[in-house]
Amino acid sequence: MVKKYFLTIVIALSLVFGIGGCKAAPSDVGECTISVECKTLFKNKDKLSKELQKHLPKDGVILEPTKVEIKKGDSVYDVTQRTLKDKGILMEASFTVNKSAYIEGIDNFYEFSAGDKSGWIYSVNDKTYSLSCSEYKVKNGDNIKWLYTCELGKDLGIKLGD
């Protein structure tokens, strides 16, 4: 009787505390690479305020390609927000009523900082999407790039709406 009672306790403790080889699934699902560039601003410096001209990175790179962990369900917005916050880089976004995110500015470079056709565009694996960055779900191995455009993507070789 004592053996049976002892065995029952051991099994119960194993189930409760995960003893016996059962491990919780990891919360991350992989990694991706993210970078942020504003190289197009060099050809459009005259459109920037003097303060922004001084703030422009010498190589036009705000964030070098950086490998980061991704979690199940992460969107481009989630990865961007988390990474830039961790790196101490300012990012501002607005949201529509259906909770779609729009990136207004990164590192003090905002939509319209360099004219009425300027702002931020993202790509994943060198392809642009018409989806909000909060709607595009990131997959393991994805390469996210944020690029500043001064001509609605034309200066980056991008046709919006593709």
Side-chain angles (χ1 to χ4, degrees), residues 22-49 51-162:
C22 294
K23 294 182 181 175
S27 61
D28 60 287
V29 294
E31 64 181 20
C32 71
T33 303
I34 182 170
S35 62
V36 181
E37 296 182 0
C38 58
K39 293 178 181 181
T40 57
L41 289 171
F42 288 114
K43 292 181 181 176
N44 296 278
K45 268 181 143 177
D46 58 319
K47 295 178 182 176
L48 294 174
S49 68
E51 293 81 25
L52 282 179
Q53 287 179 21
K54 291 177 190 173
H55 185 68
L56 188 61
K58 289 183 186 351
D59 60 357
V61 177
I62 295 170
L63 178 67
E64 293 283 343
T66 304
K67 283 195 185 273
V68 296
E69 286 186 0
I70 56 173
K71 298 175 183 160
K72 184 176 182 178
D74 269 352
S75 66
V76 168
Y77 173 80
D78 297 325
V79 172
T80 303
Q81 190 272 336
R82 189 169 54 242
T83 304
L84 296 183
K85 183 178 181 184
D86 288 349
K87 300 290 183 181
I89 299 170
L90 173 71
M91 180 187 88
E92 235 177 285
S94 59
F95 297 86
T96 64
V97 279
N98 64 355
K99 300 190 184 196
S100 291
Y102 175 75
I103 304 303
E104 295 176 349
I106 299 174
D107 198 34
N108 293 306
F109 296 102
Y110 285 83
E111 174 187 33
F112 309 132
S113 288
D116 62 353
K117 296 179 181 178
S118 66
W120 290 98
I121 294 176
Y122 80 93
S123 70
V124 178
N125 303 324
D126 294 319
K127 184 172 183 201
T128 57
Y129 295 88
S130 57
L131 282 175
S132 161
C133 62
S134 60
E135 296 175 62
Y136 187 96
K137 300 301 179 193
V138 180
K139 295 178 275 317
N140 187 36
D142 278 350
N143 183 13
I144 302 166
K145 291 181 186 175
W146 282 96
L147 305 165
Y148 194 86
T149 179
C150 297
E151 298 175 23
L152 295 176
K154 186 178 174 185
D155 51 343
L156 298 168
I158 297 168
K159 272 175 85 176
L160 293 182
D162 285 349

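Counting from 1, the numbers follow the sequence of the chain as shown.
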- Evaluate the side-chain proximity of Glu64 to Asp59: yes if any heavy-atom separation is below 4.5 Å, no if none is. yes
- Message: Looking at Lys137, I'd like to know if its NZ atom is crowded, meaning that more than 12 non-hydrogen atoms belonging to other residues, nucleotides or ligands lie closer than 6.0 Å.
- Response: yes
- Scanning both residues in full, the closest heavy-atom pair of Thr149 with Asp155 reads OG1-OD1, 2.5 Å
- Query: Measuring from Cys150:SG to Lys43:NZ, what's the distance to the nearest 0.5 Å?
  - Reply: 10.0 Å
- Is any side-chain heavy atom of Leu52 closer than 4.5 Å to a side-chain heavy atom of Phe109? yes
- Do Leu147 and Thr40 touch side chain to side chain, with heavy atoms closer than 4.5 Å? no
- Message: Contact between Val124 and Val138 at the side-chain level, heavy atoms closer than 4.5 Å - yes or no?
- Response: no
- Item | Atom pair OG/CG of Ser134 and Asn98 - distance to nearest 0.5 Å | 8.0 Å
- Query: Among pairs that include at least one residue of residues 137-159, which meet ring pair (Phe, Tyr, Trp, His ring centres under 6.0 Å), considering only residues two or more places apart or in two chains?
  - Reply: Trp120-Tyr148, Tyr122-Trp146
- Query: Shortest non-hydrogen contact from Ser100 to Glu135?
  - Reply: OG-OE2, 2.9 Å
- Query: For Asp46, what residues pass the salt bridge (Lys or Arg N to Asp or Glu O under 4.0 Å) criterion, not counting sequence neighbours?
  - Reply: none
- Straight-line distance of Ser118 OG to Leu48 CG, nearest 0.5 Å: 8.5 Å
- Message: Looking at Ser75, is its backbone amide N or carbonyl O close enough to the side chain of Asp78 to form a donor-acceptor pair, meaning the two atoms are under 3.5 Å apart?
- Response: yes
- Note on the structure: Heavy-atom closest pair (Gly30 atom, Asn140 atom, distance to 0.1 Å) is CA-OD1, 3.4 Å
- Any Lys39 side-chain heavy atom under 4.5 Å of Val61 side chain: yes
- Item | Gap separating the CE atom of Met91 from the CG atom of Asn108, nearest 0.5 angstrom | 13.5 Å
- Partners meeting side-chain contact (heavy atoms from CB on, under 4.5 Å) with Pro65 (sequence neighbours left out): Thr33, Ser35
- Message: Could you tell me if the side chain of Val36 sits less than 4.5 Å from the side chain of Ile89, heavy atoms only?
- Response: no
- Item | Shortest non-hydrogen contact from Ala101 toward Ser132 | O-OG, 2.8 Å
- In Å, rounded to the nearest 0.5 Å, how long is the span from CD1 of Ile62 to CG of Asp107? 4.5 Å
- For Lys45 and Gln53, which heavy atoms make the closest approach, and how far apart are they? O-NE2, 2.8 Å
- Please report the closest heavy-atom contact between Cys32 and Asp142, naming both atoms and the distance. CB-O, 3.1 Å
- Is there side-chain contact between Ile103 and Cys133, with at least one heavy-atom pair below 4.5 Å? yes
- Going from CD1 on Ile158 to OG on Ser123, what distance comes out if it is rounded to the nearest 0.5 angstrom? 6.5 Å
